[in-house]
Amino acid sequence: MQLDHIATQTNTPRSELFSGVKAEMPLLIGVIPFGMIYGILAIAAGLPPSAAQAMSFIIFAGSSQFVSAQLYGVNVPGIINVFTVGVINLRHALYSASMAPYLQKLPTRWKLFLAYLLTDEAYAVSIVHFQQESDRRYQHWYFFGAGLTLWTTWQLSTAAGIFLGTSIPTNWSLDFTLALIFIALVIPSIKDRASLGAALSAGIAAVILFNFPLKTGLLLASLVGIITGLVIEARS
Amino acid sequence: MSTWLMIIAAGLLTYATRLSSILLYGRFEICSRGCSYSNIFPGPLISRGRTYALVKQPPSPGWSLGHICCLANKKCDLYHFNRHVFPLDTTIYFHPTLNSYCNG
């Protein structure tokens, strides 16, 4: 039995990186107008351009940035704004828990960096790759490629929205791209009864709980979906 | 609260949410499952405190590091390797040259 067998892999950091970039590309179709709309909305809400861009850089979470900018525009106290962003982004804790086993062996500096890039879109493409690919040596490069692609696109589209996008007519209703992005993320992952049940129950719960304060309905709907999926999986 | 302080606080909160499990995973973990498709290299028996590499059996050009299994320096409640059952307090260590990954 030779340990030399380990050297038979074909994956490289470079190949994984570009695979991640390539996998992320289709999702950018929805991200670009989404980022531009955020930029327009942030300026309209009264955020200075530098602060609007900084929000994309520091928070880097589209849906919470939308809500935060809107709350800022109606003078909601900052602490409530921060708390609301935190609640909306609580789902990232679920992503983090899901990704953690695959990143466990990485040095801390990699973990610190990749956590910053953990978004809906980067998670969606990376977790599928992690589950399908048995060679885990360079999987973090795939995540890095996907995350960096999204990050770059988000920053640029936000900047475009801030400085150029104000001329887009509001009656184009481009904010609907947010829903399209999430639909595009969910559909490919529905492969069995459990995932279908999770998606349907979470969707229904999200509508029913829509008016819950501080967007907590979103979090509760996520929990409903998780529990439903687990119950169906356990029974089957 | 100033606009910038609000953005920084929200960013830190979001980042902490993303980082939490990624950073902490495995640090306080007690493995509760064995590795069903693993074998022990170089020998079939485990001794406390010795170093082993766990590899898929049989090795072939297709097997990968992802198949090197179970947790380094973690106590498990029960081990089922190569049809041997090991007692509760057995600790397995990996070969130090292998960048092993948990599949357990």
Side-chain angles (χ1 to χ4, degrees), chain A residues 1-3 5-6 8-9 11 46-48 50-52 54-55 57-61 64-65 68 72 77-79 81-106 108 110-112 114-119 133-137 139, chain B residues 1-29 31 33 37 39-44 53-69 71-74 94-104:
Chain A
M1 193 179 296
Q2 298 294 319
L3 293 179
H5 287 286
I6 292 168
T8 59
Q9 304 304 315
N11 288 347
L47 275 168
S50 57
M55 199 180 273
F57 184 84
I58 296 172
I59 300 178
F60 186 38
S64 68
Q65 288 179 227
S68 181
Y72 180 87
I79 189 70
N81 199 325
V82 171
F83 180 73
T84 304
V85 169
V87 170
I88 294 171
N89 291 333
L90 266 180
R91 70 188 186 284
H92 291 144
L94 304 177
Y95 299 160
S96 179
S98 173
M99 296 286 273
Y102 302 99
L103 306 176
Q104 184 187 8
K105 297 293 181 182
L106 292 178
T108 301
W110 264 107
K111 293 179 181 177
L112 292 173
L114 291 179
Y116 172 67
L117 297 175
L118 184 57
T119 56
E133 178 64 55
S134 60
D135 180 3
R136 295 184 179 178
R137 290 177 303 167
Q139 282 185 330
Chain B
M1 182 182 284
S2 76
T3 304
W4 285 98
L5 185 59
M6 180 195 78
I7 292 172
I8 291 169
L12 287 175
L13 190 58
T14 300
Y15 181 63
T17 307
R18 289 168 168 157
L19 183 62
S20 54
S21 293
I22 289 176
L23 194 62
L24 297 177
Y25 183 85
R27 298 197 176 192
F28 310 103
E29 184 180 14
C31 179
R33 287 177 290 179
Y37 51 78
N39 200 351
I40 299 166
F41 176 83
L54 308 181
V55 299
K56 189 180 181 183
Q57 179 74 12
S60 67
W63 71 265
S64 69
L65 277 174
H67 293 128
I68 296 174
C69 188
L71 297 167
N73 301 322
K74 297 286 192 300
F94 273 97
H95 193 287
T97 61
L98 294 177
N99 186 18
S100 55
Y101 289 87
C102 176
N103 241 344

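Residue numbering restarts at 1 for every chain, and letters A, B, ... go by the order of the sequence lines. Only this structure's heavy atoms are used, side chains among them; waters, hydrogens and symmetry mates stay out.
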Interface moiety of [X] toward chain B, non-hydrogen atoms closer than 4.5 Å:
| X | result |
| --- | --- |
| A:Leu112 | both |
| A:Tyr72 | side chain |
| A:Leu103 | side chain |
| A:Ser64 | neither |

Can you see which heavy atom on [X] is nearest to which on [Y], and at what distance?
| X | Y | result |
| --- | --- | --- |
| A:Thr119 | B:Arg18 | CG2-NH2, 3.7 Å |
| A:Tyr116 | B:Tyr15 | N-CE1, 3.6 Å |
| A:Ile59 | B:Ile7 | CG1-O, 3.9 Å |

Query raised in the report: When heavy-atom pairs shorter than 4.5 Å are enumerated against chain B, which of A:Ala115, A:Ser96, A:Gly78, A:Gly86 gives the highest number?
Result: A:Ser96

**Report entry** B:Thr17 versus A:Asn89, side-chain donor and acceptor atoms under 3.5 Å
**Finding:** no

**Report entry** Heavy-atom proximity to chain A below 4.5 Å, by part of B:Leu5
**Finding:** neither

**Report entry** Atom group of B:Ile22 that falls short of 4.5 Å from chain A, counting heavy atoms
**Finding:** both

Requested in this report: Answer whether the closest heavy-atom distance between the side chains of B:Trp4 and A:Ser50 falls below 4.5 Å.
Outcome: yes

Query raised in the report: Is there a side chain to side chain contact (heavy atoms under 4.5 Å, CB included) between A:Val85 and B:Leu13 once you walk through the steps?
Result: CA-CA 8 Å; A:Val85 169; B:Leu13 190 58; 5.9 Å; no

